[in-house]
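Input: a single structure, listed below in structure tokens.
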Amino acid sequence: MNGEEIKKIESEKIVHTYGRYDVVAESGKGATLKDVNGKEYIDFTSGIGVNSFGFCDDEWVKAVCEQAGKMQHISNLYYTEPCVKLADLLTEKTGMAKAFFCNSGAEANETAIKIARKYGSTVKGVRSNRIITLIDSFHGRTMATITATGQDHYHEFFTPFVDGFSYCQPGDIEGLKKLMGADVCAIMIEMIQGEGGVLDLDGEFVSAISNLCKENDCLLIVDEVQTGAGRTGKMFAYQHYGLEPDVVTFAKGVGGGLPIGGVICNEKTCDILVPGDHGTTFGGNPVACAGAVSVVSRMDDAFLAAVTAKGEKIRAALAGLDEVEAISGKGMMVGIKLKNKKAGDVVNAGIEAGLLLLTAKDKVRLLPPLSISDAELEKGLEILKGLLTA
């Protein structure tokens, strides 16, 4: 099919839950995408932080294809090597105890919510089931995770919502203390609020959260769906803050392009869920896990240092531009606040110029592949600078 045929059938046959850009993607390699008409784009989105090693990374493709040729699925009623390997890697890189695998970030956060509420009911008492999240957070689109999300515009149309969530303004330590009570079983945070506008949490506020959780025997849940898998220059963003979470959720970049999500639990939480409490047909899928093993196993100190260096290069290239008011985020998770231009207009202009960008509220958001080559990065930055100075 040509591009117009694809768009016509999409319009007729797919539920319109996405506002698509006028790009019909066909193939890619590294950080370069090609559409059905042969036009090339530098990709500064990595599929919203998913393609950690870009398009069609040779090692990832080999791992996925080899596993697909052996066995594509068997269910969690049986042991499989890729699932075990991935759990071993993730616990080794975090110092935590055990992992659980599912299929997406929302599912991962649902799992964390269930862990917290069972912890509250079995350890703290049946009335301890309230979870505090932050205003401008984003935790998913299922009924529980959309309720956990601290943005009012997501809380329309789908009532009744799940009870048991409270919201605190980021940085408001006194407000957080007022929300605490015997019925609180967990505080759930993103270290950088991606969909909320690439907003970094303040270190003092993070320390206060950690201390309050310890003082009140509440679980500290860190949502690393967008910030994890090396995106910020650490394996997980909480490692910048010296935190010791009870539960860490992940998805997106861990899989490198296939659907995967999950949680990593410390000793305190790793045995809260038992057989019958939770599950998922496709969680720990051998093909998805094989791809994830190829991603996570390569994220060593040298790789993470390179991510940090590339992030610094992006910031240096943009910092002096008159149109740039502020830059937020860490590593290769970058938010650009503009003075006069609208972020959406810049993204659309980028498509015309051969550069794929994202928005995050009023900011331009950059999530390039972590392995982007210097040539691709420089080419993309030149286009972006041109967009911001035009």
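Small disclaimer: the values here were computed from a predicted structure and weren't measured.
For Glu174 and Lys177, the salt-bridge test passes: some basic side-chain N is under 4.0 Å from an acidic carboxylate O. For Glu195 and Arg365, the salt-bridge test passes: some basic side-chain N is under 4.0 Å from an acidic carboxylate O.
Rounded to the nearest 0.5 Å, atoms CD1 (Ile131) and CG (Asp183) are 11.0 Å apart. Here the CD atom belonging to Glu110 is positioned 10.0 Å from the CE atom belonging to Met143, to the nearest 0.5 angstrom. The distance from atom OH of Tyr21 to atom CD1 of Ile351, rounded to the nearest 0.5 Å, is 6.5 Å. One distance of note links CD of Gln72 with CG of Asn285; it measures 8.0 Å at 0.5 Å rounding. For the atom pair CD (Glu312) and OG1 (Thr308), the distance works out to 6.5 Å, reported to the nearest 0.5 Å. Met96 contributes atom CE, which lies 10.5 Å from atom CG of Leu90 (distance to the nearest 0.5 angstrom).
At least one donor-acceptor pair closer than 3.5 Å links the side chain of Lys118 to the backbone N or O of Ile272. Under the 3.5 Å distance criterion, the side-chain polar atoms of Thr142 are left unmatched by any main-chain donor or acceptor of Ala106. Under a 3.5 Å cut-off, the side chain of Asn51 and the backbone N or O of Phe55 do not form any donor-acceptor pair. Asp88 places no side-chain N or O within 3.5 Å of a backbone atom of Val84 that could act as its donor or acceptor partner.
Under a cut-off of 6.0 angstrom, the local environment of CD in Glu10 is crowded, with over 12 non-hydrogen atoms contributed by other residues, nucleotides or ligands. Heavy-atom contacts from other residues, nucleotides or ligands closer than 6.0 Å to NZ of Lys178 number 12 or fewer. By the neighbour-count criterion of 12 heavy atoms within 6.0 Å, atom CD of Gln151 is densely surrounded, having more than that number from other residues, nucleotides or ligands.
Across Glu267 and Cys270, no two heavy atoms sit closer than the pair O-SG, 3.8 Å. Scanning all heavy atoms of the two residues, the minimum distance from Phe44 to Leu381 falls at CZ-N, 3.8 Å. In terms of heavy atoms, His278 sits closest to Leu273 at CB-CD1, 4.0 Å. The nearest pair of heavy atoms linking Gly284 to Thr80 is O-OG1, 4.2 Å.
Of the candidates Met332, Lys252, Arg231, Arg231 is the only one forming a side-chain contact (heavy atoms from CB on, under 4.5 Å) with Ser46. Looking at Thr269, Asp271, Asn266 one by one, the single match for side-chain hydrogen bond (donor to acceptor under 3.5 Å, both in side chains) with Lys98 turns out to be Asp271. For the side-chain contact (heavy atoms from CB on, under 4.5 Å) with Met191, the qualifying choice from Asp200, Thr232, Leu243 is Leu243, the only one to do so.
Side-chain atoms of Asn109 and Thr249 include a donor-acceptor pair closer than 3.5 Å. No side-chain donor from either of Thr17 and Arg141 sits under 3.5 Å from a side-chain acceptor of the other. Ser371 and Asp57 form no side-chain donor-acceptor contact under 3.5 Å, judged by distance and modelled atom types alone. Counted by atom type alone, Thr227 and Glu190 present zero donor-acceptor pairs between their side chains at under 3.5 Å.
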request  = Start with the C-alpha gap between Lys385 and Glu382, add the side-chain angles, then the distance that decides, and say whether salt bridge (Lys or Arg N to Asp or Glu O under 4.0 Å) holds.
outcome  = CA-CA 5 Å; Lys385 287 191 289 185; Glu382 285 303 309; 2.9 Å; yes
task = Test ring-ring contact (aromatic ring centres under 6.0 Å, His included) on Phe161 and Tyr154 and set out the steps.
result = CA-CA 11 Å; Phe161 289 99; Tyr154 288 109; over 10 Å; no
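Screening residues 361-390 for ring pair (Phe, Tyr, Trp, His ring centres under 6.0 Å), with sequence neighbours left out, gives no hits. Note on residues 228-266: no pairs pass ring pair (Phe, Tyr, Trp, His ring centres under 6.0 Å), not counting sequence neighbours.
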